Structures are given as C-alpha cells and as structure tokens.
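Here the structure is laid out as structure tokens; the discussion comes afterwards.
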Amino acid sequence: MWRSFRVGLLLSFGAIAAYSLQFIGLKWLTVPWYLPILGTVGALIALTSLGQRRAIGRYIGVTVLVLLASAEWLLVAKLSVLPTYAGPGTGQPFPAFAARFADGTPFTEANLKGDKETILIFFRGRW
Amino acid sequence: MIELGQLEKRHAEIEKNGLQVIVASVEGPDLAKQTQADFPHLRVVSDETKSLTNAIGGLHVGAAPDGGDAAAPTTFHIDTAGRVKWYFRPSRHLNRLSPDELLKAATQS
C-alpha cells in the first residue's frame, strides 16, 4: 500500500510536471484537462493506501493531494472560463473605438482600413 | 505573453502573407511601452480607457491578479475595408491559437 501512495504522488506531481513542460517548454496553449483528471486519480490511489496503514504523514500527504486536485479542477473548469463572445460577427464592420498605440499615436477603427489586412489580438496583460 | 513571443518569432512569415499584427490589452501606456520594447515587430496598443475592449464585448471583469479587469483573449482577422473576416474566442483563457493555426486560418479565409 506504500506503493499506492507513491503511485498517487507520481501521478499528481507528474501531471504538474507535464503541464509545466507543455506551457513553459513546448508553449502549447491548450486547456490541460489531464491535469485535474490525473490529480484526482492520483489522490484516489493515494487514498487507498490509508486502508492499510494510517500514519500521520500519509494523512497529510493525501490531504495535500486532494486539495491540489481540487485547486486544479477550480482552475481548469471554473477560473479560466471566459465571458461569452458578444462582439461583431463575421462580415460585420469592426465597431468604433478610441485607443492609443504604445508610442502615443491614436488608434481607431479607421486604422483597420488600408492596404494590409489586420490580425488584432487581445491579450490579458504582461502579468 | 507566450502567444506574443510566438508571433514575434514568426513575424516575417506573417508579414509575407500581407498581414499586420496589432496586439491590445487594457494596460496603461507605460506597460504598453514595455511590451512594445519586448516585441518590436508587433504593434502594441494601450486600451487603458477600455474603449476598444468594450467595443467587442471583451472585458473580463476582475480577471487581473490585482482584481482589476482584463481583456478576454480574442483574435480577429479584419479585411482592408475594416470588416471582420473571422474571429476566435476560446472558452477558456488557457487556450489560444498557435501561429500555425492563425496563419492557416488567415491565408485560407
């Protein structure tokens, strides 16, 4: 049953390592559903080890894994959800707005018309 | 900003397809200047008043780490007449278009 605990730890932290590799190493920006799934499976497997031996360290370890899996579900399923799209549809003119480029020059919908097509990307921030 | 780094690396290929890339956030001019310095081949916009972000219904209230608002990640392809050719808003902010997906969509539309 010590093996169960180790397998649980391996799955849980292995999933975190895999996401780190995906995000930082490979730069694949896709939703990591495997993260909370493997975290949950790892926590459940580790939980089975309590049936054989009930040590304080093991209880703490299982609690950590359960909290970790819960946090992963919260992040992936809830906190990362974006508002429903309510902007212009395909074929519609881009609506009017007034902003500024980083050099201070004005940026309006008029700047979107010209000899080049535009890829306009909204990003969350430097953080 | 992984997405911006990927676009910066592929800027020559993107421009060769007759496209200009403009990236916008609700951050103020000081942070926009820093982002512009980091990604010199992208045109960075400071939408501090949120006029641009609100125009596309893209404000994600309370999403910034300090509790402030942020722009919901959205990509638009706009033609030379200022019309939307296509747009992409993922269901979750963990998901973005890769440069390959963007180029494929932009060149095939």
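Keep in mind that what you see is a predicted model, and the values were worked out from it rather than measured. Letters A, B, ... are given to chains in the order of the sequence lines, protein chains preceding strands, and every chain is numbered from 1.
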In one Ile/Leu/Val/Met/Phe/Trp/Tyr side-chain cluster, 4.5 Å: B:Val44, B:Leu31: no
Less than 4.5 Å apart, any side-chain heavy atom of B:Phe76 and any of A:Thr118? no
Close side-chain approach of B:Val45 to A:Phe97, heavy-atom, < 4.5 Å: no
Check each atom of A:Phe107 against the heavy atoms of chain B and say whether the ones under 4.5 Å are side chain, backbone, both or neither. side chain
Considering only heavy atoms and a distance below 4.5 Å, find which of B:Ser91, B:Ala70, B:Gly57, B:Ala106 pairs most often with chain A. B:Ser91
CG of B:Leu59 to CZ of A:Phe122, rounded to nearest 0.5 Å, is 10.5 Å
What verdict does the side-chain contact (heavy atoms from CB on, under 4.5 Å) test give for A:Phe101 and B:Ile22, after you've listed the backbone C-alpha separation in whole Å, the side-chain angles of each residue and the deciding distance to 0.1 Å? CA-CA 9 Å; A:Phe101 286 107; B:Ile22 298 175; 4.3 Å; yes
Quick one: which of A:Ala110, A:Pro32, A:Ala98 has the most heavy-atom pairs under 4.5 Å with chain B, could you say? A:Ala98
Starting at CD1 of A:Ile119, measure out to CD of B:Gln20 and round the result to the nearest 0.5 Å. 9.5 Å
Pair A:Leu29, B:Gln6 - check side-chain contact (heavy atoms from CB on, under 4.5 Å), show working. CA-CA 11 Å; A:Leu29 300 175; B:Gln6 292 173 325; 4.3 Å; yes
Portion of B:Ile14 that has a non-hydrogen atom of chain A nearer than 4.5 angstrom: neither
Same cluster or not: A:Leu68 versus A:Phe5, using hydrophobic residues (I, L, V, M, F, W, Y) connected whenever any side-chain heavy atoms lie under 4.5 Å apart? yes
Would you say A:Arg124's side chain and B:Pro73's backbone share a donor-acceptor pair under 3.5 angstrom? no
Lys/Arg-Asp/Glu bridge criterion (N-O < 4.0 Å) met for A:Arg126, B:Glu27: no
Contacting region of A:Thr84 [heavy-atom separation from chain B under 4.5 Å]: backbone
Using heavy-atom distances under 4.5 Å, tell me whether A:Gln92 contacts chain B through its side chain, its backbone, both, or neither. backbone
Could you please spell out the steps behind the side-chain contact (heavy atoms from CB on, under 4.5 Å) verdict for B:Leu102 and A:Ile121? CA-CA 11 Å; B:Leu102 187 147; A:Ile121 296 172; 4.1 Å; yes
Value rounded to 0.5 Å, distance of OG in B:Ser51 from CD in A:Glu109: 8.5 Å
Working for side-chain contact (heavy atoms from CB on, under 4.5 Å), residues B:Thr35 and A:Phe123: CA-CA 11 Å; B:Thr35 305; A:Phe123 67 102; 4.1 Å; yes
Using non-hydrogen atoms and a 4.5 Å limit, figure out which bit of B:Arg89 sits close to chain A: side chain, backbone, both or neither. side chain
Out of A:Gly104, A:Ala96, A:Ala86, A:Pro93, which one racks up the most heavy-atom pairs below 4.5 Å with chain B? A:Pro93
Answer key: most heavy-atom pairs under 4.5 Å with chain A among B:Ala72, B:Pro65, B:Ala63, B:Pro29 is B:Pro65
How many angstroms lie between CG in B:Asp47 and CZ in A:Arg100, if you round to the nearest 0.5 Å? 12.0 Å
